[in-house]
Amino acid sequence: MKIATWNINGVKARIDNLLAWLEESQPDIACLQEIKSVDENFPRLEIEALGYHVETHGQKGFNGVAILSKLRFDEVNRRLPGDETDEQSRFIEGVFSTSAGALRVVSLYLPNGNPVGTEKFPYKLGWMERLERWTAGRLALEEPLVLAGDYNVIAKPIDAKNPSAWVDDALFQPETREAFRRLEWLGMTDAIRAVTDEQLFTFWDYQAGAWQKDNGIRIDHLLLSPEAGRHLSSAAVEKHVRAWEKPSDHVPVAIDLALEAAA
DNA sequence: ATGGTTGCTCGGCAA
């Protein structure tokens, strides 16, 4: 079963790329971030025509996440618990029936947190604390769990072409990196790092020729519970998508799990 | 380089 995550930076601007990518990559489950659309305007008909079920959690103008799945959703949960006042659409969980029992897949768009020194940074850290608590609860179920999305976290210096350029950025603060490590300490595995130590990027800024200079960062991650990680057979960044016409500034990251949809 | 580019929405924010 192929599970992918992609920050598409606007579903309206990216619909042609999204449909082309779905046909080429053929993910069984696709987690999207920054759909920048309300649910009513999400182009579900075109996507359903390719054989996907569609669940969204959007808002006007910014943020917004979605899960597309060739498997039927058994359950859908929107919003990360822990702060009833949080109005930003950044979290959706789908539950699916597989050969290994219930599979839980989350599409998350973790707050950017810039600039550090404003209320945006503590919002990011608070969101990461809520995610840690939620994940601890799900891990107690001892089920396959995939947390996929744009984490806005540069976990290690190797995950940036120029780490020194990011030292004042929320994505690379010690508190940010520690909060990410706490998710790993809970028992979650960074799928890419389970298969390779090489330098890989998932985001290149639109500005200053970042793509042409390969000045990128790796901030889109799939974290796996032990029960998901034991089925991991491959993980890869689909870098070529960044060279398409009218690209997102992020590219898809995909894993294969040796699991099948329940009969 | 206190710049640069894109999306959403048509001024200014978010990234």
Side-chain angles (χ1 to χ4, degrees), chain A residues 5-21 31-44 46-47 56-66 80 85-91 107-128 131 148-155 159-173 175-177 179-180 201-221 237 239-253:
Chain A
T5 181
W6 189 18
N7 179 323
I8 56 173
N9 190 20
V11 70
K12 187 176 173 187
R14 216 68 60 211
I15 183 61
D16 290 346
N17 276 10
L18 176 58
L19 295 173
W21 172 71
C31 299
L32 306 179
Q33 301 85 40
E34 280 206 272
I35 63 173
K36 296 186 175 182
S37 166
V38 293
D39 296 333
E40 310 84 80
N41 292 344
F42 192 84
R44 63 166 49 242
E46 297 96 308
I47 294 165
T56 63
H57 185 213
Q59 69 180 91
K60 185 176 165 148
F62 309 101
N63 304 327
V65 288
L80 177 63
T85 69
D86 186 357
E87 298 294 334
Q88 301 192 29
S89 297
R90 298 179 173 276
F91 183 98
S107 177
L108 66 90
Y109 178 46
L110 210 147
N112 176 292
N114 281 303
V116 176
T118 68
E119 73 291 343
K120 293 179 182 221
F121 189 57
Y123 172 64
K124 178 192 190 109
L125 295 179
W127 207 94
M128 294 184 84
L131 181 62
D150 177 358
Y151 281 72
N152 273 312
V153 173
I154 302 167
D159 297 312
K161 176 81 163 202
N162 300 122
S164 60
W166 296 92
V167 292
D168 294 324
D169 197 284
L171 280 60
F172 197 51
Q173 290 306 295
E175 299 95 321
T176 303
R177 296 168 58 194
F180 185 80
F201 305 134
T202 65
F203 168 91
W204 296 260
D205 202 290
Y206 288 124
Q207 304 182 74
W211 166 245
Q212 289 74 14
K213 293 186 257 188
D214 198 29
N215 180 16
I217 52 178
R218 189 177 73 95
I219 56 175
D220 299 272
H221 308 297
V237 178
K239 182 178 180 179
H240 67 285
V241 173
R242 187 63 174 77
W244 287 2
E245 286 289 311
K246 216 169 179 293
S248 170
D249 40 8
H250 296 250
V251 294
V253 185

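Every chain is numbered from 1 and lettered A, B, ... according to where its sequence line falls, protein lines coming before strand lines.
Considering only side-chain N and O atoms, A:Arg14 lies under 4.0 angstrom from the phosphate OP1 or OP2 of B:dG7. Taking 4.0 angstrom as the limit, A:Lys246 places a side-chain polar atom (N or O) nearer than this to OP1 or OP2 of B:dG7.
Within 4.0 Å of A:Tyr109, counting heavy atoms only, lie sugar-phosphate atoms of the nucleic acid but no base atom.
The distance from atom CG of A:Leu171 to atom C1' of B:dA15 is 10 Å, rounded to the nearest whole Å. A:Asp249 has its CG atom 10 Å from the P atom of B:dT6, to the nearest Å. For the pair A:Tyr206 OH and B:dT5 C1', the interatomic distance rounds to 9 Å; values are reported in whole Å. Taking atom CG of residue A:Asn17 and atom C1' of nucleotide B:dT6, one finds them 14 Å apart after rounding to whole Å. Look at CD on A:Gln59: it is 10 Å from P on B:dA15, rounded to the nearest Å. Per the geometry, CG belonging to A:Asn9 stands 7 Å off P belonging to B:dC8, to the nearest Å. When the C1' atom of B:dG7 is taken as reference, atom CG of A:Asn112 falls 15 Å away, rounded to whole Å. Between A:His250 atom NE2 and B:dT6 atom C1' the separation is 12 Å, expressed in whole Å.
When each of A:Asp205 and A:Gln88 is assigned the nucleotide of DNA chain B bearing its nearest heavy atom, the one mapping closer to the 5' terminus is A:Asp205. The 5' end of DNA chain B is approached more closely, in terms of each residue's nearest nucleotide, by A:Pro247 than by the other of A:Pro111 and A:Pro247.
Here B:dA15 is the nucleotide among B:dA15, B:dG4, B:dG7 with the atom lying nearest to any side-chain atom of A:Asn63. Distances from the side chain of A:Lys120 to the nucleotides B:dA15, B:dT6, B:dG4 place B:dA15 closest.
A distance of about 22 Å separates the P atoms of B:dG3 and B:dG7, rounded to the whole Å. The separation of B:dG4 from B:dA14, taken at their C1' atoms, amounts to 15 Å, rounded to a whole angstrom. For the C1' atoms, the distance from B:dA1 to B:dT5 is 15 Å, rounded to whole Å.
Scanning both residues, A:Gln173 and A:Val167, for their nearest heavy atoms gives NE2-O, 2.8 Å. When all heavy atoms of A:Tyr109 and A:Val65 are compared, the closest pair comes out as CB-CG1, 3.8 Å.
The salt bridge (charged side-chain N to carboxylate O under 4.0 Å, His left out) analysis of residues 206-216 of chain A, with sequence neighbours excluded, yields the pairs A:Asp214-A:Lys239.
Applying the side-chain contact (heavy atoms from CB on, under 4.5 Å) rule to A:Arg242 yields the partners A:Trp204, A:Tyr206, A:Trp211, A:Pro247, A:Asp249, A:Val251; only residues at least two apart in sequence or on another chain are considered. A search for salt bridge (Lys or Arg N to Asp or Glu O under 4.0 Å) contacts involving A:Arg44 returns A:Glu48, not counting sequence neighbours. Not counting sequence neighbours, the partners of A:Phe180 by the ring pair (Phe, Tyr, Trp, His ring centres under 6.0 Å) test are A:Tyr151, A:His221. With sequence neighbours left out, A:Phe62 forms a side-chain contact (heavy atoms from CB on, under 4.5 Å) with no residue at all.
Within a heavy-atom distance below 4.0 Å of DNA chain B, no residue of residues 208-218 of chain A is found.
At a cut-off of 3.5 Å, with distance as the only test, no side-chain donor of A:Gln33 or A:Asp150 sits close to an acceptor on the other residue.
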